[in-house]
Amino acid sequence: MDIEVLGPPRVTENGVPITAPTPESRHVLAVLAACPDRVVPVSVLAGELAGRVPPEHTREVLHTAVRRLRERIAEALGPSSVRTPETVLSARPGGYLLDTGGGRCDVREFEREAGAGYRALGRGDAARAAARLRGALDLWTGPALDGIAAGTWLRGRIAVLDADRLSVLGQWVEAELALGRHRELRLALAGLRGAGAGRPGGAYLAALRRAEERALTPRPAQAGPALGPLPALGPLPALACATRP
């Protein structure tokens, strides 16, 4: 299973998109996709649905959404798959787990690229850092989980992802400036602005504008970027997901 949440959410199994048949099942799928291979508590899922249905009906609606998602997963798996809908979207004590089966997850790729970029910065390798951090930014196709009316937990998860994206952008800009690549940076920033940069008026667009202003002021290239302590990528919202058994 491949999962993308750094933009409009997209989940595919065996190359086939899992298209949720109802707004409620789409919301449940988005929450599970935001926390893949981990148990998402029923309380979290029900809380996310509370904005759509009366609170006393959220668990019933959740169970219906899971059943409908499993029907779509069954269609994508096909008769010869060793995976089943019940193992892909499995019931666990206290919650549900979306099992990727080792498939691609864009958040994991983002964390891997960003981590490699931060380590390169720590070694003073600005060129490698710039390449890996730009690779992390290129994974984004729009605002995280774009199009989902997030509830309290999902807003927290989106806030963590947005903060990580801002940190990576800032470190990438510093690496490019340290290399003296002002013109290249201006062109790259224009490309990022046009490629699903973020919510109108959001912090990411504001950070892009500030970076563009900095790129207009040349400074001598340095042997290595003069940077402060490197940021850590944010964790999942507290108590949101249990570690996979």
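Here the structure is a predicted model, which is why all the values come from computation and not from measurement.
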| query | Does the side chain of Thr84 come under 3.5 Å of the side chain of Thr87 through a donor N or O and an acceptor N or O? | reply | yes
| message | For Arg104, is there an ion pair with Glu4 - N to carboxylate O distance below 4.0 angstrom? | response | yes
| task | Kindly check if the number of other-residue, nucleotide or ligand heavy atoms within 6.0 Å of CZ (Arg52) is above 12? | result | yes
| query | Taking the side chain from Thr12 and the backbone from Gly15, do they hold a donor-acceptor pair closer than 3.5 Å? | reply | no
| said: For Leu161 versus Ala144, what's the shortest heavy-atom pair and its separation? | reply: CD1-CB, 4.0 Å
| said: Just verifying a value: how many Å separate Ile158 CD1 and Arg165 CZ, rounded to the nearest 0.5 Å? | reply: 12.5 Å
| field | Heavy-atom pair of closest approach, residues Leu189 and Glu212 | value | CD1-N, 3.6 Å
| task | May I ask you to decide whether Glu71 forms a salt bridge with Arg67, counting only side-chain N to carboxylate O separations under 4.0 Å? | result | yes
| said: Can you confirm whether Val44 sits close enough to Pro41 that some side-chain heavy atom of one is under 4.5 Å from a side-chain heavy atom of the other? | reply: yes
| Going from CD1 on Ile18 to CZ on Arg26, what distance comes out if it is rounded to the nearest 0.5 angstrom? | 14.0 Å
| query | Is it true that a side-chain atom of Asp106 and a backbone atom of Leu139 form a donor plus acceptor pair closer than 3.5 Å? | reply | no
| request: Only counting residues at least two apart or in another chain, list the ones meeting side-chain contact (heavy atoms from CB on, under 4.5 Å) with Ala91. | output: Arg70, Tyr96
| Pro36 versus Ala33, closest heavy-atom pair with distance | CD-O, 3.2 Å
| query | Are any side-chain N or O atoms of Arg186 and backbone N or O atoms of Ala215, one a donor and one an acceptor, separated by less than 3.5 Å? | reply | yes
| query | Does any N or O in the side chain of Arg157 come within less than 3.5 Å of the main-chain N or O of Ala34, such that one atom is a donor and the other an acceptor? | reply | yes
| message | Working note: Leu98 + Ile3, criterion side chain to side chain contact (heavy atoms under 4.5 Å, CB included); need CA distance, chi angles, decisive distance, verdict. | response | CA-CA 10 Å; Leu98 189 63; Ile3 293 176; 3.9 Å; yes
| task | Could you pull out the closest heavy-atom pair between Val39 and Gly95, with the gap in Å? | result | CG1-CA, 4.0 Å
| query | Under the 3.5 angstrom rule, does the side chain of Asp37 hit a backbone N or O of Thr100 as a donor-acceptor pair? | reply | yes
| said: Return the CG to CG distance between Leu145 and Leu6, rounded to the nearest 0.5 Å. | reply: 8.0 Å
| request: Nearest 0.5 Å please: distance from the CD atom of Glu176 over to the CG atom of Leu133. | output: 9.5 Å
| query | Quick check: does any side chain N or O of Glu48 sit under 3.5 Å from a backbone N or O of Trp153, one acting as donor and the other as acceptor? | reply | yes
| task | Show your reasoning for whether side chain to side chain contact (heavy atoms under 4.5 Å, CB included) applies to Leu49 and Leu62. | result | CA-CA 8 Å; Leu49 290 173; Leu62 170 60; 3.9 Å; yes
| task | Could you grab the distance from atom CG of Asn14 to atom OG of Ser81, nearest 0.5 Å is fine? | result | 6.5 Å
| message | Are the side chains of Leu137 and Val168 in contact, using a 4.5 Å heavy-atom criterion? | response | yes
| field | Stepwise side chain to side chain contact (heavy atoms under 4.5 Å, CB included) test for Arg132 and Arg119 | value | CA-CA 10 Å; Arg132 299 302 293 266; Arg119 289 191 294 275; over 6 Å; no
| remark: Of all heavy-atom pairs linking Val173 and Ala211, the shortest is CG2-CB, 3.8 Å
| message | Salt bridge check, Glu174 against Arg214: does any charged N sit closer than 4.0 Å to a carboxylate O? | response | yes
| request: With salt bridge (Lys or Arg N to Asp or Glu O under 4.0 Å) as the test, would you mind laying out the steps for Arg38 and Asp99 before giving the verdict? | output: CA-CA 8 Å; Arg38 293 175 180 267; Asp99 187 347; over 6 Å; no
| Leu29 side chain near Pro9 side chain, heavy-atom distance below 4.5 Å | no
| query | Which residue pairs pass the salt bridge (charged side-chain N to carboxylate O under 4.0 Å, His left out) test with at least one member in residues 10-24, sequence neighbours excluded? | reply | Glu13-Arg83
| field | Contact summary for Val40 and Cys35, nearest pair of heavy atoms | value | CG2-CB, 3.8 Å
| query | Side-chain contact, heavy-atom cut-off 4.5 Å: Leu45 with His27? | reply | no
| task | Let me see the working for Tyr204 and Trp140 under side chain to side chain contact (heavy atoms under 4.5 Å, CB included), right down to the final yes or no. | result | CA-CA 12 Å; Tyr204 189 74; Trp140 289 71; over 6 Å; no
| field | pair Asp2-Cys105: side-chain heavy atoms closer than 4.5 Å | value | no
| Arg128 vs Arg123 side-chain heavy atoms within contact, under 4.5 Å | yes
| query | Taking atom CG of Leu192 and atom CG of Asp138, what is their separation to the nearest 0.5 Å? | reply | 6.5 Å
| message | Tell me if a side-chain donor or acceptor on Thr64 pairs with a main-chain N or O of Glu60 at a distance below 3.5 Å. | response | yes
